[in-house]
Amino acid sequence: MKLRFIGVVEKANERGVSKIRIFDDFREGLEGLDTFSHIIILYWLHLQATEERRSVLKVIPMGRAGNPKVGVFASRSPSRPNSIGLGVAELVKLEGDILSVKGLDAFEGSSIIDIKPYLPRIDAFPEAAVPQWARHP
C-alpha cells in the first residue's frame with residue numbers, strides 16, 4: 001500500500017480559517033468542489049505519529065477527568081494506530097490550488113490525505129446514539 005498526500009495545511013486557524021494548498025498533480029481534482037458549502041478532510045496527524053502514540057489503545061476521551069477510559073476506536077483521540085484525522089469544514093473559498101476552510105482542527109504542516117464533499121443526506125445522522133460523556137452541553 002502506498003499513501004499519497006495530496007496537499008498540506010499551510011496556515012492553521014488564522015481567524016478561524018485555515019489554508020490548504022493542494023499539490024499540482026492533484027489540482028484538477030478540485031474541479032466542482034466549490035459548489036459545496038462543506039467538505040470532509042482526511043489528514044495525517046504528523047505531530048502524533050510517534051510509535052509511542054500509535055501504540056495507544058485505551059484513552060480517556062478529551063482528557064477530561066470523570067470520562068471513562070475507552071478503547072481508542074470509541075474516541076476521537078489523536079493517538080491512534082494510524083495517525084489519520086478527519087474533519088468536516090466549511091469551504092470558504094477555493095482559489096487556484098488554495099482552499100480556505102473554516103472549522104478544521106489540524107496544525108500547520110499536516111499533510112492532506114483526501115477531500116470529499118459533505119453530503120447531508122449521507123453524512124448526517126442527528127438521531128445517532130452516543131454515550132453521555134460524548135454529549136456536549
Side-chain angles (χ1 to χ4, degrees):
M1 180 186 101
K2 183 178 178 184
L3 188 64
R4 299 188 317 172
F5 296 132
I6 64 166
V8 65
V9 177
E10 289 194 333
K11 292 191 178 176
N13 300 318
E14 184 179 288
R15 294 189 184 131
V17 176
S18 298
K19 304 270 187 196
I20 298 170
R21 183 176 54 83
I22 300 302
F23 302 142
D24 287 340
D25 289 352
F26 303 100
R27 187 175 177 177
E28 190 176 325
L30 296 173
E31 187 175 333
L33 188 64
D34 58 351
T35 63
F36 293 88
S37 67
H38 290 75
I39 56 177
I40 298 168
I41 303 168
L42 295 153
Y43 55 97
W44 189 252
L45 299 163
H46 68 293
L47 299 177
Q48 299 290 327
T50 66
E51 282 307 312
E52 180 183 355
R53 295 276 189 157
R54 293 180 75 179
S55 65
V56 171
L57 294 178
K58 292 200 115 185
V59 297
I60 296 175
M62 300 172 264
R64 292 187 184 150
N67 280 351
K69 196 171 215 180
V70 299
V72 71
F73 304 126
S75 79
R76 293 288 185 101
S77 171
S79 297
R80 1 193 21 89
N82 290 303
S83 300
I84 298 171
L86 177 145
V88 176
E90 179 183 352
L91 180 57
V92 176
K93 182 170 42 172
L94 171 57
E95 200 167 35
D97 60 353
I98 302 292
L99 298 168
S100 297
V101 298
K102 192 173 196 177
L104 180 64
D105 186 22
F107 293 112
E108 284 182 28
S110 296
S111 295
I112 303 301
I113 297 170
D114 202 358
I115 298 168
K116 300 175 185 296
Y118 178 86
L119 303 171
R121 66 180 166 75
I122 295 172
D123 298 318
F125 295 92
E127 71 283 357
V130 298
Q132 183 65 36
W133 61 261
R135 296 182 188 144
H136 294 280

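These values consider heavy atoms only, across backbone and side chains, with no hydrogens, waters or symmetry-generated copies. One is the number of the first residue; the rest follow in order along the sequence.
- Taking both residues in full, the closest heavy atoms of Arg54 and Gln48 are given as CG-O, 4.3 Å, listed atom of the first, atom of the second, then distance.
- More than 12 heavy atoms of other residues, nucleotides or ligands shown are found within 6.0 angstrom of CG on Asn67.
- Leu94 and Ile98 fall into different hydrophobic clusters, where Ile, Leu, Val, Met, Phe, Trp and Tyr are joined by side-chain heavy atoms under 4.5 Å apart, directly or via other members.
- Side chains of Phe73 and Pro81 form a contact here, defined as non-hydrogen atoms less than 4.5 Å apart.
- Side chain of Tyr43 to backbone of Asp105: a donor-acceptor contact under 3.5 angstrom is found.
- Among residues two or more places apart in sequence or in another chain, the side-chain hydrogen bond (donor to acceptor under 3.5 Å, both in side chains) test is passed with Asp114 by Lys116.
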Walk me through whether Val9 and Phe107 qualify under side chain to side chain contact (heavy atoms under 4.5 Å, CB included). CA-CA 7 Å; Val9 177; Phe107 293 112; over 6 Å; no

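- The distance from the NE2 atom of His46 to the OG atom of Ser111 is 7.5 Å, given to the nearest 0.5 Å.
- Linking ILVMFWY side-chain heavy atoms closer than 4.5 Å, directly or via other members, places Ile40 and Ile112 in a single hydrophobic cluster.
- Of the inter-residue distances, the one linking Leu47 atom CG with Glu108 atom CD reads 10.5 Å to the nearest 0.5 angstrom.
- Follow the hydrophobic side-chain contacts under 4.5 Å out from Leu86 and you never reach Val72; the two are in separate clusters.
- Nearest approach of Ala106 to Ala12, heavy atoms of both residues: O-CB, 3.2 Å.
- Rounding to the nearest 0.5 Å places OG of Ser77 at 10.5 Å from CD1 of Ile60.
- A 6.0 Å sphere centred on OH of Tyr118 holds more than 12 heavy atoms belonging to other residues, nucleotides or ligands.
- Taking CG from Leu45 and OG1 from Thr50, the interatomic distance works out to 11.5 Å, rounded to the nearest 0.5 Å.
- At a threshold of 4.5 Å between side-chain heavy atoms, the hydrophobic network of Ile, Leu, Val, Met, Phe, Trp and Tyr places Val101 and Leu30 in one connected group.
- The nearest pair of heavy atoms linking Trp133 to Ala74 is CH2-O, 3.5 Å.
- The structure places CZ of Phe5 at 11.5 Å from CG of Leu42, a figure rounded to the nearest 0.5 Å.
- Separation of atoms CZ (Arg80) and CG (Leu57) is listed at 10.5 Å; rounding is to 0.5 Å.
- When hydrophobic clusters are built by joining Ile, Leu, Val, Met, Phe, Trp and Tyr residues whose side-chain heavy atoms come closer than 4.5 Å, directly or via intermediates, Ile84 is grouped together with Val88.
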Sequence neighbours left out, cut at 3.5 Å: what donor-acceptor pairs do the side chains of residues 15-26 make with other protein atoms?
from  : atom 1 : to     : atom 2 : distance (Å)
Ser18 : OG     : Asn13  : N      : 2.9
Lys19 : NZ     : Ser100 : OG     : 3.0
Arg21 : NE     : Glu10  : OE2    : 2.5

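- Of all the heavy atoms in Pro68 and Pro61, the pair that sits closest is O-CD, 3.0 Å.
- Nearest heavy-atom pair across Ile41 and Ala89 is CD1-CB, 4.2 Å.
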